[in-house]
Amino acid sequence: MSTFSEHVVTWQRQHGRHALPWQNTQDPYRIWLSEIMLQQTQVATVIPYYERFLDTFPTVADLARAPAEDVMQLWAGLGYYTRARNLHACAQQVLANWGGQFPPTAADIETLPGIGRSTAAAIAAFAYGERSPILDGNVKRVFARHFGIEGDPSKRPVELIMWGLAGENLPVVSSTTADDMRSYTQGLMDLGATVCTRGAPDCGRCPVRGTCVALREARQHDLPTPKVRKKSPERDTGMLVLERDGCVLLKMRPSPGIWGGLWSLPEFALASGAEAAWRELGVKAQEAFELPVFSHTFTHFKLHVTPWHVRVDEAAAADGAAPGTGLDKAEWWWMPVARAGDAALPAPVKKLLAGLFVDGGLF
DNA sequence: GAACCGTGGCG
DNA sequence: TCGCCAAGGTT
């Protein structure tokens, strides 16, 4: 009679994923980078970001010494920008406090910024073969079904039960190798990602179907218990696309906050109007167009944006009242339109500018 | 404990 | 179009 973990380990070696860019390495830096990028983010989305990141910052020291702006630029579009700031801070701590080597245990890894219990365990398992349990979205779904756990897994009591299961079902101490821990940890993730999926679990291919409560009771589609969602609020805002001499005015977003650390378009309250907004910036408009409203859905609210495209009067700029001259260099940037593709901009803003300046054309 | 933090893919 | 949510962590 094989245990849960033995089935998972054997299955992973035969049927799991083995060719992802962050596999087949035991370099903690590469593993850590992948784990941070993969937080709440799907594999296919991460891959190109991961490759670009490693090309630019091959080692943790390269990342630690890089300007924050470069890190944000490479992260732009991936979302959850606190991850990027923590990533940078973490690299600097590894250099300053750990001699450039990642800490040797999950407990020590967890003291670093942006790394919680599950991510620390995953890094320690993949890099060192440490026997430490993970509990991510995939594992919660597998456990909820296999052990028949009721209740929203994001709620504390249910999560505690699952952490208990995660610890109890690790490969046994006496006969577990470092490589068993790598295969087991990867196997849990692979199981959730490729077999025990949310919509269409493929129970016929599951290595632990023989002991699965949900399968036995035909409750695969009732577990895990879905979380009750409040309907998200909606907000409206205006954005200015101020264009002067092939450049667009951007403002640094405060962090923490939505899009913190990214460059975005200046916003204004729709109630006060667009004209008041550009006047406040010391700008005289030559032409101004209201553009179609576009919407962007975040996890917890929906944003409706009314953009205004404003061409700034060059004459006004020449007579000493140049727009933007009184603006703080750290917070404001006249960005050449051609750089919109590369700069650290939120995805919807990048999309708006791309549509506005097709082929670098102005208006 | 609950709110907050992005984006893209999917049915 | 719309709701759901994916290798979670921080405040």
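Just so you know, these numbers use all the heavy atoms, side chains as well, and skip hydrogens, waters and symmetry mates. A, B, ... follow the sequence lines: proteins, then strands. Residue 1 opens every chain. None of these values were measured; they are calculated from a predicted model.
- When atom types are taken as modelled, the side chain of A:Asn169 and the backbone of A:Leu165 share a donor-acceptor pair closer than 3.5 angstrom.
- Annotation: B:dG8 and C:dG9 have their P atoms spaced 23 Å apart (nearest Å).
- A straight line from CD of A:Glu159 to C1' of B:dA2 spans 13 Å, rounded to a whole angstrom.
- Nearest nucleotide to the side chain of A:Lys351, out of C:dC5, B:dG8, C:dG9: B:dG8.
- Near DNA chain B, defined here as any heavy-atom distance below 4.0 Å, the residues from residues 292-301 of chain A are A:His296, A:Thr297, A:Phe298, A:Thr299, A:His300, listed numerically.
- Taking the P atoms as reference points, B:dC5 lies 23 Å from C:dA7, given to the whole Å.
- Ring orientation note: the planes of A:Phe4 and A:Phe147 are tilted relative to one another, at an angle of 30° to 60°.
- Atom CG in A:Leu87 sits about 16 Å away from atom C1' in B:dC5, given to the nearest Å.
- Contacts of A:Pro226 with the nucleic acid, taken as non-hydrogen atoms under 4.0 Å apart, are absent.
- Remark: A:Arg85 is not in phosphate contact with C:dT10, judged by side-chain N or O atoms under 4.0 Å from OP1 or OP2.
- Within 4.0 Å (heavy atoms only), A:Trp32 reaches no atom of the nucleic acid at all.
- For DNA chain B, none of the residues of residues 178-194 of chain A falls under the heavy-atom distance limit of 4.0 Å.
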